[in-house]
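First the structure, in the form of structure tokens, and then the observations on it.
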Amino acid sequence: MSEEKYYFAADKKNQRLDLFMRERLAEILGKSEGLNSKVRRFIVSGAVSVNFKQIRRPAYTLNRGDRVDFSIDEKKFFAEKEVDDIAFELTDKDVLFEDEAIIVVNKPAFFPTESTFQESRDNLHAAVIRYLWAKNPALRNPPYVGIMHRLDRETSGVILFTKKRDVNKAIHDMFENHTAQKVYRAVCADPYAASSGAKSKGELPPKTFQVDNFLGRISKKTEKAKWGVVKEKDGGLWAHTDFAVASRRKIVRGAAELLANTGLDALGIDCMPKTGRTHQIRVHLASLGLAILGDELYGGKSWHRIMLHAFSLTFPHPVTNEMMTIEAPLPADFI
């Protein structure tokens with residue numbers, strides 16, 4: 001959850017979308033240098049919607065009052081390819097649910113959700129398009145796939161895409177209004193374990209707990225993006241997460257630890273965000289001394305990845321309105 005969502009109303013007649021976006025992004029990023037080509041790729045990648053419809057044409061004409069929605073991760077806007085992106089091709093085993101309207105897949109870690117400004121960099125959105133096109137090779141053009149929410153590159157798990165434009169508004173609204181319920185599994189070092197200096201071996205964490213506060217950016221624009229508690233009067237946005245301890249045991253990183261029967265005392269914690277603020281789960285857990293393993297930005301112990309997995313998504317189907325719960329199996333190194 002490292003992206004910020006924005007929406008603006010067009011205030012001029014017959015304005016090109018790319019020119020409108022360049023103005024808005026210059027305001028948000030505090031700079032205009034080098035934006036021209038990146039704005040075009042940003043639009044072509046499908047990151048911008050007008051009146052809840054994904055628009056990929058930079059020259060698209062806006063009318064006064066049109067609503068323009070987009071999400072942007074300031075830290076990644078000018079980033080190049082990560083050296084440890086995995087090679088990934090979507091197969092049947094990765095598809096958790098599919099019908100005529102939507103497709104829900106299990107995203108791997110170390111793979112971007114969508115295209116970046118480095119055009120050669122692969123991503124899950126492109127992989128879904130390839131998968132659907134391979135199932136119907138008679139199509140002359142790539143099949144439509146709409147991006148409705150995102151997971152960070154290192155976060156694995158459930159992610160939903162649309163296959164029909166006419167369901168986009170219903171899916172957008174369910175995420176915006178939080179009628180879609182997400183459950184993430186985080187793995188954290190266990191501060192209650194005897195090995196961590198807990199008062200007694202039998203000391204246990206609370207079974208359930210919650211964090212409710214206001215969050216905002218606490219780092220400078222020129223520094224790595226970091227969020228924390230910010231008073232509402234200073235621009236903080238309300239954020240609420242419910243938590244439940246799901247498991248407690250030692251975990252290992254390598255074969256040597258496994259053979260020696262050593263490892264790290266850890267907690268598996270289910271996280272149910274009721275709002276969708278940037279880094280919300282990461283900040284809320286860190287505020288309780290439960291920084292996620294691998295999340296060094298918020299004080300987590302060094303690990304091979306940020307140990308956060310989108311475990312389930314419960315939502316009303318956009319066509320039938322039937323409540324559905326789709327789960328992605330926990331990766332082997334999660335508890």
Subject >> Charged tip of Arg22 within 45° of Phe20 ring normal and under 6.0 Å >> reply: no
**OP:** Enumerate the residue pairs fulfilling ring pair (Phe, Tyr, Trp, His ring centres under 6.0 Å) with a member in residues 124-156, sequence neighbours excluded, ordered by first and then second residue.
**Re:** His149-Phe175
Original post:
Going hydrophobic residue to hydrophobic residue with side-chain gaps under 4.5 angstrom, can you get from Ile326 over to Leu90?
Top reply: no
**OP:** Please examine the side chains of Glu89 and Arg130, heavy atoms only from C-beta on, and report whether any two atoms are closer than 4.5 Å.
**Re:** yes
Subject >> Contacts of type ring-ring contact (aromatic ring centres under 6.0 Å, His included), residue Phe52, not counting sequence neighbours >> reply: His172
Original post:
Would you say the side chain of Ile159 lies within less than 4.5 Å of the side chain of Val104, judging by non-hydrogen atoms?
Top reply: no
**OP:** Any chance you could measure Ile292, atom CD1, to Ile281, atom CD1, to the nearest 0.5 Å?
**Re:** 6.5 Å
**OP:** Report the distance from atom CZ of Phe311 to atom CG of Leu330, rounding to the nearest 0.5 Å.
**Re:** 5.0 Å
Original post:
Hey, mind stepping through Val48 and Ile55 against side chain to side chain contact (heavy atoms under 4.5 Å, CB included) and telling me if it holds?
Top reply: CA-CA 6 Å; Val48 180; Ile55 300 295; 5.6 Å; no
**OP:** Taking atom CD of Glu100 as the centre, report whether more than 12 heavy atoms of other residues, nucleotides or ligands fall under 6.0 Å from it.
**Re:** no
Subject >> Flag side-chain contact, heavy atom, 4.5 Å: Met324 against Phe97 >> reply: yes
**OP:** Find the distance between CG (Leu151) and CG (Leu124) and round it off to the nearest 0.5 Å.
**Re:** 8.5 Å
Original post:
Under the 3.5 angstrom rule, does the side chain of Asn168 hit a backbone N or O of Ile171 as a donor-acceptor pair?
Top reply: no
Subject >> Geometric class of the Phe209/Phe243 ring pair [parallel <30°, tilted 30-60°, perpendicular >60°] >> reply: parallel
Original post:
Does the Arg248 side chain pair with the main chain of Leu267, one donor and one acceptor, at a distance under 3.5 Å?
Top reply: no
Original post:
Can we say Lys135 and Asp92 salt-bridge, meaning some charged N sits less than 4.0 Å from an Asp/Glu carboxylate O?
Top reply: no
Original post:
Is Leu285 close to Ile269 at the side-chain level, that is, under 4.5 Å between some pair of heavy atoms?
Top reply: yes
Original post:
With a 4.0 Å cut-off, would you call Arg185 and Asp270 a salt bridge?
Top reply: yes
Original post:
Got a sec, which residues hit side chain to side chain contact (heavy atoms under 4.5 Å, CB included) with Trp238, two or more places apart in sequence or on another chain?
Top reply: Asp212, Phe214, His240, Thr275
Original post:
Counting N and O atoms only, with roles assigned by atom type, does the side chain of Lys107 sit under 3.5 Å from a partner on the main chain of Thr113, one being a donor and the other an acceptor?
Top reply: no
Original post:
Do the side chains of Arg165 and Gln54 get nearer than 4.5 Å, heavy atoms only?
Top reply: no
**OP:** Start with the C-alpha distance between Asn213 and His284, add both sets of side-chain angles, then the distance that settles side chain to side chain contact (heavy atoms under 4.5 Å, CB included), and finish with yes or no.
**Re:** CA-CA 9 Å; Asn213 56 16; His284 278 173; 2.8 Å; yes
Original post:
Do any N or O atoms from the side chain of Asp152 and from the backbone of Glu154 form a donor-acceptor pair under 3.5 angstrom?
Top reply: no
**OP:** Mind running side chain to side chain donor-acceptor pair (under 3.5 Å) on Asp66 and Asn51 for me, showing each step along the way?
**Re:** CA-CA 6 Å; Asp66 281 349; Asn51 298 329; 3.2 Å; yes
Subject >> Electrostatic pair Glu4-Arg217, nearest N-O below 4.0 angstrom >> reply: no
**OP:** Search all heavy atoms of Lys5 against all heavy atoms of Ser71 and return the closest pair with its distance.
**Re:** CG-OG, 3.5 Å
Original post:
Would Thr61 and Asn14 satisfy side chain to side chain donor-acceptor pair (under 3.5 Å), going step by step from the backbone distance to the final call?
Top reply: CA-CA 5 Å; Thr61 300; Asn14 301 322; 5.8 Å; no
Subject >> Rounded distance [0.5 Å steps], SG in Cys271 versus NZ in Lys182 >> reply: 13.0 Å
Original post:
So, for Leu293 and Ile251, which heavy atoms are closest and what is the spacing to 0.1 Å?
Top reply: CD1-CD1, 3.5 Å
Original post:
Can you name the closest pair of heavy atoms from Lys250 and Gly263 and give their distance?
Top reply: NZ-O, 3.9 Å
Subject >> salt_bridge(Lys169, Asp173) N-O dist < 4.0 Å >> reply: yes
Subject >> Residue pair Asp69 / Ser49, side-chain donor-acceptor N/O under 3.5 Å >> reply: no
Original post:
If you look at every heavy atom in Ala266 and Ile335, which pair is closest and at what distance?
Top reply: O-CD1, 3.6 Å
Original post:
Between Arg282 and Tyr298, is NZ or CZ placed under 6.0 angstrom from the six-membered ring centre and within 45° of the ring axis?
Top reply: no
Original post:
Could you give all pairs that pass the ring pair (Phe, Tyr, Trp, His ring centres under 6.0 Å) test and reach residues 314-335, with sequence neighbours left out?
Top reply: His309-Phe334
Original post:
Would you say Tyr60 and Val39 are hydrophobically clustered, going by side-chain heavy atoms of ILVMFWY under 4.5 Å?
Top reply: yes
Original post:
Going only through I, L, V, M, F, W and Y residues with side-chain contacts under 4.5 Å, is there a path from Leu19 to Phe42?
Top reply: no
**OP:** Please answer whether the main-chain N or O of Ala101 pairs with a side-chain N or O of Asp99 as donor and acceptor at a distance below 3.5 Å.
**Re:** yes
Original post:
Tell me, which pairs form a side-chain hydrogen bond (donor to acceptor under 3.5 Å, both in side chains) where one or both residues lie in residues 318-332, sequence neighbours left out?
Top reply: Thr314-Thr325
Original post:
Ile28 and Leu62: same hydrophobic cluster, using ILVMFWY side-chain contacts below 4.5 Å?
Top reply: yes
Subject >> Non-neighbouring partners of Lys12 that pass salt bridge (charged side-chain N to carboxylate O under 4.0 Å, His left out), sequence neighbours left out >> reply: Glu23
Original post:
Given side chains that start at C-beta, do those of Ile103 and Val95 come closer than 4.5 Å, heavy atoms only?
Top reply: yes
**OP:** May I have the step-by-step check of side chain to side chain contact (heavy atoms under 4.5 Å, CB included) for Glu176 and Met174, ending in yes or no?
**Re:** CA-CA 6 Å; Glu176 191 74 16; Met174 80 181 193; over 6 Å; no
**OP:** Work out which heavy atom in Val283 is nearest to a heavy atom in Gly228; give both atom names and the distance.
**Re:** CG1-CA, 4.0 Å
Original post:
Roughly how far apart are Arg40 CZ and Arg56 CZ, rounded to 0.5 Å?
Top reply: 12.5 Å
Original post:
For Glu232, does the CD atom have more than 12 heavy-atom neighbours from other residues, nucleotides or ligands under 6.0 Å away?
Top reply: no
Original post:
With the 4.5 Å side-chain cut-off for hydrophobic clustering, are Leu313 and Leu96 part of the same group?
Top reply: yes
Subject >> Residues Thr241 and Gln210: side-chain donor-acceptor under 3.5 angstrom >> reply: no
**OP:** Report yes if the side chains of Tyr7 and Val68 come closer than 4.5 Å at any heavy-atom pair, otherwise no.
**Re:** no
**OP:** Please work out whether the ring planes of Phe8 and Phe70 are parallel, tilted or perpendicular, with thresholds of 30° and 60°.
**Re:** parallel
Original post:
Does the side chain of Lys163 reach to within under 4.5 Å of the side chain of Pro143, using non-hydrogen atoms?
Top reply: no
Original post:
What are the two closest heavy atoms between Pro318 and Ile102, and how far apart are they?
Top reply: CG-CG2, 4.0 Å
Subject >> Value rounded to 0.5 Å, distance of OH in Tyr6 from CD in Glu27 >> reply: 10.5 Å
**OP:** Give a yes or no on whether a salt bridge exists between Arg153 and Asp85, defined as a side-chain N under 4.0 angstrom from a carboxylate O.
**Re:** yes
